[in-house]
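So the structure is just underneath, and the comments pick up after that.
Counting from 1, the numbers follow the sequence of the chain as shown.
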Amino acid sequence: MSAIPGEVDTDRQPPMTVPLRHFLVGLALLVAGGAMGVLDAVGALPGLSALAHVHLLLAGWVCVTIMGAMTQFVPVWSNAPLHSQRLATAQLWLVAAGVGGMAATFATGTLGWVHAFGGLALLGFWTFVYNLGRTLLPARPWDVTERHFALALGFFAVVPPMGFALAMNYAVPFLAGTPVSPPRLTAAHATLAVFGAVLTTVLGALYQLATMFTQTELHGVDRHLRRFEEVGYPVGVLVLAGGRLLGSAPVARVGGLLVAAALLGFAAVLARRLVETQVEWTPMLSRYAVVAAAMAAWALLAARAWFVDPLAPTARFGGGPPHLLVFGVVGFVVLGTLYHVVPFIVWVHRYSDLLGYEQVPMIDDLYDDRVAAADFACILAGATGLVLADALGLPSAVTAGAGALATVGFALFAGNMLLVVREHSPHSLRGVLVTRLAGDGATEGPTDDVPGAEDAVR
């Protein structure tokens, strides 16, 4: 059982096509990224396929999904109308074209074009920052989720120009001979992207979602851990990135230990919410359980590695295998959240007006439970195989097999979400994806508060 609190006002959400379009494009980038990882493991691509794989998964799937989720929920949580639907549409296609083009140039080795696609991605991310910043700014006072989102927008504003500078350096090596060497800038860019933009958003969302969908509240030690994380985590990210940019191991070490300690504390908070849950276990909570365990394991490994050498390329994303962070933490947060968010958006626009007039399905009835169980098993087994293959130095065939299994799970997950939209949405798949830039005053679906919505999602 799950519910939404009374203060969540669905009247403030944008048209359903706006977030769903982001989620569907993100799913396409996820499957492409998984396939790219398999091809990279067997050496089937001529270029920098590892960079293509990382950008499709993180800058593509994860960031596009974050953009869609924040566009949907900042107006709802903050009780503020979305600043512009046109900009929300434009941001998606700019980022999708930019990231997809960058991945193609990396994979094929045609690096002369990477800065052009990087420029598109830069414009798209800045459009997102402006649009959500204008939406969030009037909502005061900010709660813990909104404070994290504001910080994340700041990171989203800084990371793309750093990436664009690195892309330009492939065509014109202007960084040569400057105090900012490409390896140092790359390390700072990756730090601010993963730990700044992505994980700050994840933490902010989980403070809201983990309490909302377990019907629990932070109490006791949770509050102390939250206060430490709210200060220690962003300070740690900035210090870690600054130390890496300057090449200072002592500075980076302090920042890295702050980041690891804050995430270890948050893992404890999340685990306590799941243990104390008052609702039935759902695909969302199953995936959050993986997140809590993976985050705790990653934080311990990262603290050890960053204490020894925070500047080592192998310790860029912590001391453990990078898939532990990318899939175990970030991936399962996104997967678990989408298992509720996509059906919820569709349910509100399709069935909320029918409450009290005819029998309507519950939110968790919109997707196939068997497919959800199958994709969870495939992704968990594949991610575990990737982590073990990296940690134990297993042959590339093991890595390719684990990656293929995870990709099958991603495809099952994408198919399950697509069926939700196809079978229950008031819009066709083509209607969701192929639309003109929506007018800022346009509305879709129900615009009144949804009576009985809390009971419907139980």
Of all pairs that satisfy side-chain hydrogen bond (donor to acceptor under 3.5 Å, both in side chains), the ones with a partner from residues 312-322, not counting sequence neighbours: none
- request: Scan side-chain atoms only and decide if His148 and Glu229 contain a donor-acceptor pair under the 3.5 Å cut-off.
  value: yes
message: Strictly distance-based, threshold 3.5 Å: is any side-chain N or O of Gln278 a donor or acceptor partner for the main-chain N or O of Glu276?
response: yes
field: By side chain to side chain donor-acceptor pair (under 3.5 Å) - contacts of Thr110 (at least two apart)
entry: Thr108
Side chain to side chain donor-acceptor pair (under 3.5 Å) involving Tyr351 - partner list, sequence neighbours excluded: His424
- request: Carefully, step by step, assess Phe266 and Leu203 under the rule side-chain contact (heavy atoms from CB on, under 4.5 Å).
  value: CA-CA 8 Å; Phe266 184 85; Leu203 297 178; 3.5 Å; yes
message: Main chain of Leu27, side chain of Trp61: is a donor-acceptor contact present, judged purely on distance under 3.5 Å?
response: no
message: Would you say that Tyr233 contacts Leu263 through its side chain, given a criterion of any heavy-atom pair below 4.5 Å between the two side chains?
response: yes
field: Heavy-atom side-chain contact between Leu218 and Tyr207 under 4.5 Å
entry: yes
- prompt: What orientation do Phe413 and Tyr339 show, parallel under 30°, tilted 30 to 60°, or perpendicular over 60°?
  reply: perpendicular
message: Among residues at least two apart in sequence or on other chains, which ones pass ring-ring contact (aromatic ring centres under 6.0 Å, His included) with Phe149?
response: Trp77
Qualifying residue, where the test is side-chain contact (heavy atoms from CB on, under 4.5 Å) with Leu270 and the options are Val333, Thr214, Leu209, Val291: Val291
- request: First locate atom CG of Leu82, then atom OG1 of Thr135, and finally report the distance between them rounded to the nearest 0.5 Å.
  value: 4.5 Å
message: With side-chain contact (heavy atoms from CB on, under 4.5 Å) as the criterion, how do Val342 and Tyr367 come out once you've worked through the C-alpha distance, each side chain's angles and the decisive distance to 0.1 Å?
response: CA-CA 10 Å; Val342 172; Tyr367 56 80; over 6 Å; no
query: Mind checking whether Phe332 and Phe376 have parallel, tilted or perpendicular rings, split at 30° and 60°?
result: perpendicular
- request: Would you confirm whether the ring centroid of Phe327 sits within less than 6.0 angstrom of the ring centroid of Phe410?
  value: yes
- prompt: Quick one: which of Leu301, Val387, Leu199 gives a side-chain contact (heavy atoms from CB on, under 4.5 Å) with Leu325?
  reply: Leu199
- prompt: With Phe155, which residues qualify under ring-ring contact (aromatic ring centres under 6.0 Å, His included), at least two apart?
  reply: none
- prompt: What distance separates Leu335 CG from Ile379 CD1, expressed to the nearest 0.5 Å?
  reply: 5.0 Å
field: Backbone N/O of Met362 and side chain of Trp347: donor-acceptor pair under 3.5 Å
entry: no
Short side-chain donor-acceptor distance under 3.5 Å, Thr191 and Arg244: yes
- request: Measure the acute angle between the ring planes of His323 and His53, then classify it against the limits of 30° and 60° as parallel, tilted or perpendicular.
  value: tilted
message: Determine whether Leu58 and Cys63 satisfy the following criterion, side-chain contact (heavy atoms from CB on, under 4.5 Å), listing intermediate values before the conclusion.
response: CA-CA 6 Å; Leu58 291 178; Cys63 286; 5.7 Å; no
query: From Arg304 CZ over to Leu257 CG, what is the distance, rounded to the nearest 0.5 angstrom?
result: 13.0 Å
field: side chain to side chain donor-acceptor pair (under 3.5 Å) involving Arg147 - partner list, sequence neighbours excluded
entry: Glu230
message: Between Phe195 and Trp298, is the ring pair (Phe, Tyr, Trp, His ring centres under 6.0 Å) condition met? List the steps.
response: CA-CA 13 Å; Phe195 301 111; Trp298 176 88; 5.6 Å; yes
field: Backbone of Leu51 reached by a side-chain donor or acceptor of His55 within 3.5 Å
entry: yes
query: Given Trp281 and Leu274, is the side-chain contact (heavy atoms from CB on, under 4.5 Å) satisfied, shown in steps?
result: CA-CA 9 Å; Trp281 213 248; Leu274 295 171; 4.1 Å; yes
- request: Hey, can you tell me if Phe344 and His340 have their rings parallel, tilted or perpendicular (30° and 60° cut-offs)?
  value: parallel
- request: State the CG-CG distance between Leu30 and Leu24, to the nearest 0.5 angstrom.
  value: 12.0 Å
query: Is the shortest heavy-atom distance from the side chain of Tyr170 to the side chain of Phe106 under 4.5 Å?
result: yes
message: Using 0.5 Å steps for rounding, measure from the CG atom of Leu366 to the CG atom of Leu419.
response: 11.5 Å
query: Rounded to the nearest 0.5 Å, how far does OG1 of Thr201 lie from CG of Leu206?
result: 10.5 Å
